[in-house]
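Convention: sequence-line order gives letters A, B, ...; per-chain numbering from 1.
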Amino acid sequence: MSETNYWLVKSEPNTYSISDLQREQVTIWDGVRNYQARNFLREMQPGDRVFFYHSNTMPPGIVGLAEVSSTNIDDPTQFDPQSKYYDPKSTIAAPRWQTVQIKFLETFPQMITLETLKQKFTPEELQLVKTGNRLSVMPVAGAIAEKILNL
DNA sequence: GCCAACGTTGGC
DNA sequence: GCCAACGTTGGC
């Protein structure tokens, strides 16, 4: 019996927003080109919950929840020369970038702003609130996730 | 638009 | 393997 893990992914809403996910229901989380973030994507299990965060907005914050619906997917954009995420060093035989498919669960009635998160949690509890944190995929401890869901 | 933080690249 | 230069992220 494995516990549900919680994660957080960032997205700029003018690139891909929670309403885009709500419309499409599922999406492959492609385009991540940071090794630390990729390693977290590789750890994700079906059924894990994913907080959806809007960055580069005023204000920024968590806007909803998704669920991991399929894991260990080779990011298709790494092989596509037309894609801005094309990686010429990646091959079909030895792909570098794996990701997951996520499924829409809900949009929160109101955004949980970064400001609120900073008030409630220390950087040790929640990496997201650490100054200068640029990681776009990160784990959220279960106890902290519960508190976020109850805000 | 500014700029701090920080990951990546490449010369040596 | 070091580290300066550079590019990107993302809050403000």
Side-chain angles (χ1 to χ4, degrees), chain A residues 5-24 26-44 48-68 71-141 143-151:
Chain A
N5 299 306
Y6 287 90
W7 307 92
L8 181 145
V9 298
K10 292 180 187 170
S11 187
E12 298 192 18
N14 55 12
T15 304
Y16 195 87
S17 72
I18 189 85
S19 17
D20 293 323
L21 181 61
Q22 181 161 22
R23 192 180 60 252
E24 297 181 351
V26 294
T27 193
I28 291 179
W29 203 251
D30 60 17
V32 172
R33 294 293 179 270
N34 168 284
Y35 287 103
Q36 206 183 342
R38 181 208 60 185
N39 293 345
F40 288 134
L41 288 167
R42 283 178 170 174
E43 287 179 31
M44 290 185 185
D48 285 357
R49 298 296 165 95
V50 180
F51 290 107
F52 200 107
Y53 179 90
H54 280 177
S55 63
N56 250 308
T57 53
M58 188 49 69
I62 296 173
V63 290
L65 195 65
E67 180 182 316
V68 175
T71 59
N72 199 31
I73 299 167
D74 290 329
D75 183 339
T77 60
Q78 69 193 305
F79 306 124
D80 176 6
Q82 307 307 316
S83 169
K84 68 180 277 206
Y85 302 116
Y86 177 58
D87 183 351
K89 293 181 194 150
S90 193
T91 63
I92 301 274
R96 289 188 170 189
W97 305 105
Q98 287 77 37
T99 187
V100 297
Q101 181 195 63
I102 60 172
K103 179 177 80 176
F104 176 80
L105 288 184
E106 63 173 308
T107 300
F108 294 151
Q110 61 179 50
M111 170 193 268
I112 304 165
T113 64
L114 179 61
E115 189 188 6
T116 299
L117 293 166
K118 280 180 170 168
Q119 282 166 12
K120 306 274 182 189
F121 305 109
T122 66
E124 290 72 32
E125 291 173 319
L126 184 65
Q127 276 193 65
L128 178 76
V129 304
K130 203 181 297 177
T131 334
N133 176 34
R134 294 164 48 189
L135 196 57
S136 67
V137 179
M138 70 191 79
V140 178
I144 304 302
E146 301 294 331
K147 288 183 185 170
I148 293 173
L149 291 169
N150 287 319
L151 286 177

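Regarding contacts with the backbone of C:dG10, a side-chain N or O of A:K10 is found under 4.0 angstrom from either OP1 or OP2. Here A:Y53 does not reach the OP1 or OP2 of C:dT9: none of its side-chain N or O atoms lies under 4.0 Å away. Regarding contacts with the backbone of C:dC12, a side-chain N or O of A:K118 is found under 4.0 angstrom from either OP1 or OP2.
To the nearest angstrom, C1' of C:dT8 lies 10 Å from NZ of A:K84. At whole-Å resolution of the value, CG in A:L135 and C1' in B:dT8 are 15 Å apart. Between A:K130 atom NZ and B:dA5 atom C1' the separation is 12 Å, expressed in whole Å. With rounding to whole Å, A:M111 atom CE is found 10 Å from C:dG11 atom P. The CD atom of A:E12 sits 9 Å away from the P atom of C:dG11 (whole-angstrom rounding). Rounded to whole Å, atom P of B:dG7 lies 15 Å from atom CZ of A:R38. Protein atom CD of A:Q36 is 14 Å distant from nucleotide atom C1' of B:dA5, rounded to whole Å. Residue A:H54 contributes atom NE2, which lies 12 Å from atom P of C:dG11 at whole-angstrom precision.
Nearer the 5' end of DNA chain B, as judged by each residue's closest nucleotide, is the contact made by A:N56, out of A:T131 and A:N56.
The backbone N or O of A:Q36 sits nowhere less than 3.5 Å from a side-chain atom of A:N39 that would complete a donor-acceptor pair. Side chain of A:S83 to main chain of A:Y85: a donor-acceptor pair is present (N/O by atom type, distance under 3.5 Å, no hydrogens or angles). A:H54 contributes a side-chain N or O that, together with a main-chain N or O of A:I18, makes up a donor-acceptor pair within less than 3.5 Å.
The side chain of A:L114 sits closest to C:dC12 out of C:dG10, C:dC12, B:dT8. In the set C:dC12, C:dG11, B:dT8, the nucleotide with an atom closest to the side chain of A:S55 is C:dG11.
With respect to the salt-bridge test (charged N to carboxylate O, under 4.0 angstrom), the residues A:D87 and A:R33 do not qualify.
Ring geometry, A:F40 versus A:W7: the interplanar angle falls from 30° to 60°, so the pair is classed tilted.
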